[in-house]
Amino acid sequence: MGTTLKDVIVPEIFTPYTIKKTMELSALVQSGIVENSPEFDKLASEAASLHNMPFFADLTGDASDVVEGTDLEAKKIESKKDQSATFRRAQMWSATDLSAQLAGADPMKAIGTLVGGYWARELQKDLLATLKGVFGATTMKNHVLDISTLTGRAAVFSASSFIDACQLLGDSKANLTAVVMHSATHALLLKNNLLETERDSMNVEFDTYQGRRIIIDDNCPIDGDVYTSFLFGSGAVALGNGSPVGFVPTETDRDKRKGSGVDYLINRRTQILHPRGVKFTAANRNNIETVSRIEMADATNWELVYEPKQIRMVAFKHKIV
């Protein structure tokens, strides 16, 4: 009968390998924009699909003068609530799609790399859907710079307009460390000889613009001739890889009745991808089990809850010609 998927896939080894490989292959994770943390792994492993995350608001008001015989007035420490959502995704492949990998020296590793790469691309799609919703929220309007409505060259991505986008965070602008842009925007900067090339700790080359790492993704929004680029600070988005009770992340199956038999590989993910400080309100949601990508892109589902300068994200809308 030859080698089958069941012969080479050991779920207990395959599952953590593919999760690790996904994070290695994800430019978002490697750039530091998306940060995996045990805290969010734990939240993603909860039975509930919505997770309350209370926090203390920053302290405000002027300090009191110390005057003999005058009592200090106690100020309250205000508590607020952030909220994240779990999304559950699954994909199934047949052995006909993976059969070429079964001949490899280490077939489980070869298939794991393919699966890890697949989920890395899915992670970027989920992030861009989330960003569409987040920056569409009315509470996030001060984190959006739109120069596309200006005339002539003033509407085109430039060094000064990029600085203006960073300036939306005021004295916190130094926290912006990376930018996600469409390949056409990257090409504009490349033609103008405005990019520098660096290497990360894995010896992988990447471009930077004004000292910020560039991530190229053609899923970045395009509306006619208007492009949207996104600026991020390190850890702006939290990633959780969950394993709830009863969750089966990897399974193999075989249909013996079809020809000489068809093998199937099923892989599931339970994850949180949460922009820190922007609450998922669940105002418009269909299923209790998971949040869909359409719902992540819905602006009515998001609300700013942190102080504006604590949000390490900016949307920059511009033209390229």
Side-chain angles (χ1 to χ4, degrees), residues 28-35 37 39-40 53-65 75-84 127 130-150 154-181 185 189 194-196 198 200 206-215 220 227-239 273-279 299 302-318:
L28 299 169
V29 175
Q30 293 304 310
S31 69
I33 290 173
V34 175
E35 184 178 65
S37 74
E39 172 195 359
F40 277 86
M53 301 179 294
F55 65 95
F56 288 116
D58 203 0
L59 303 180
T60 59
D62 296 330
S64 300
D65 294 327
K75 304 295 184 182
K76 292 183 178 180
I77 299 177
E78 187 179 1
S79 178
K80 295 185 177 181
K81 184 179 72 173
D82 195 358
Q83 183 168 268
S84 62
L127 177 63
T130 295
L131 295 178
K132 180 179 179 181
V134 165
F135 287 110
T138 55
T139 54
M140 285 290 288
K141 63 181 180 180
N142 291 331
H143 283 74
V144 180
L145 177 66
D146 186 355
I147 65 169
S148 66
T149 58
L150 302 177
V156 178
F157 188 115
S158 67
S160 68
S161 60
F162 185 81
I163 292 172
D164 289 339
C166 296
Q167 184 59 30
L168 292 182
L169 291 192
D171 55 13
S172 295
K173 60 188 175 185
N175 292 330
L176 297 172
T177 57
V179 54
V180 180
M181 62 178 62
T185 303
L189 301 179
L194 297 174
L195 303 179
E196 294 185 0
E198 298 183 18
D200 62 16
F206 61 91
D207 289 333
T208 64
Y209 178 68
Q210 293 191 13
R212 293 169 174 88
R213 181 170 181 161
I214 293 176
I215 298 162
C220 283
Y227 290 74
T228 301
S229 300
F230 300 101
L231 290 79
F232 294 94
S234 181
V237 181
L239 171 65
L273 193 64
H274 183 66
R276 293 180 185 271
V278 188
K279 174 183 177 181
W302 299 97
E303 177 187 355
L304 176 70
V305 290
Y306 278 12
E307 290 297 314
K309 288 185 180 180
Q310 292 179 312
I311 304 299
R312 290 163 282 179
M313 299 189 302
V314 168
F316 178 28
K317 295 185 177 183
H318 55 84

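What's counted below: heavy atoms across the whole structure, side chains too, no hydrogens, waters or symmetry copies. As the structure is a prediction and not an experimental result, all values here were calculated from the model.
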Report summary line: Taking every heavy atom of I214 against every heavy atom of T208, the minimum-distance pair comes out as CD1-C, 4.1 Å
Query raised in the report: Would you say the side chain of E198 lies within less than 4.5 Å of the side chain of F206, judging by non-hydrogen atoms?
Result: yes
Query raised in the report: NZ of K132 to SG of C220: how many Å apart, nearest 0.5 Å?
Result: 13.0 Å
Query raised in the report: Is R212 reaching over with its side chain to a backbone N or O of L176, donor-acceptor style, under 3.5 angstrom?
Result: yes
Requested in this report: Kindly give the heavy-atom pair with the smallest separation between M181 and L189, and that separation in Å.
Outcome: CE-CD1, 3.7 Å
Query - Gap between atom CG of N175 and atom CG of L169 - 0.5 Å precision - result: 7.5 Å
Query - Partners meeting side chain to side chain contact (heavy atoms under 4.5 Å, CB included) with D82 (sequence neighbours left out) - result: M53, F55, H274, K279, V305, Y306
Report task. Ignoring hydrogens and angles, tell me if any N or O in the side chain of R213 forms a donor-acceptor pair with the backbone of T177 under 3.5 Å. Result -> no
Query raised in the report: What is the minimum heavy-atom distance between P275 and V134, and which atoms define it?
Result: CG-CG2, 3.7 Å
Report task. Of all the heavy-atom pairs spanning D207 and L195, show the shortest one and how long it is. Result -> OD2-CD1, 3.8 Å
Query - Heavy-atom pair of closest approach, residues W302 and G133 - result: CD1-C, 3.4 Å
Query raised in the report: Is it true that F230 and F135 have ring centroids separated by less than 6.0 Å?
Result: yes
Query - Euclidean distance, L231 CG relative to H143 NE2, rounded to 0.5 Å - result: 11.5 Å
Query raised in the report: Any donor-acceptor pair under 3.5 Å linking the side chain of R276 with the backbone of G235?
Result: yes
**Report entry** Y227 and H318 aromatic ring geometry - parallel, tilted or perpendicular at 30°/60° bounds
**Finding:** parallel
Requested in this report: Ignoring hydrogens and angles, tell me if any N or O in the side chain of Q210 forms a donor-acceptor pair with the backbone of A159 under 3.5 Å.
Outcome: yes
Query - Separation between CD1 of I147 and OG of S160, rounded to the nearest 0.5 Å - result: 8.0 Å
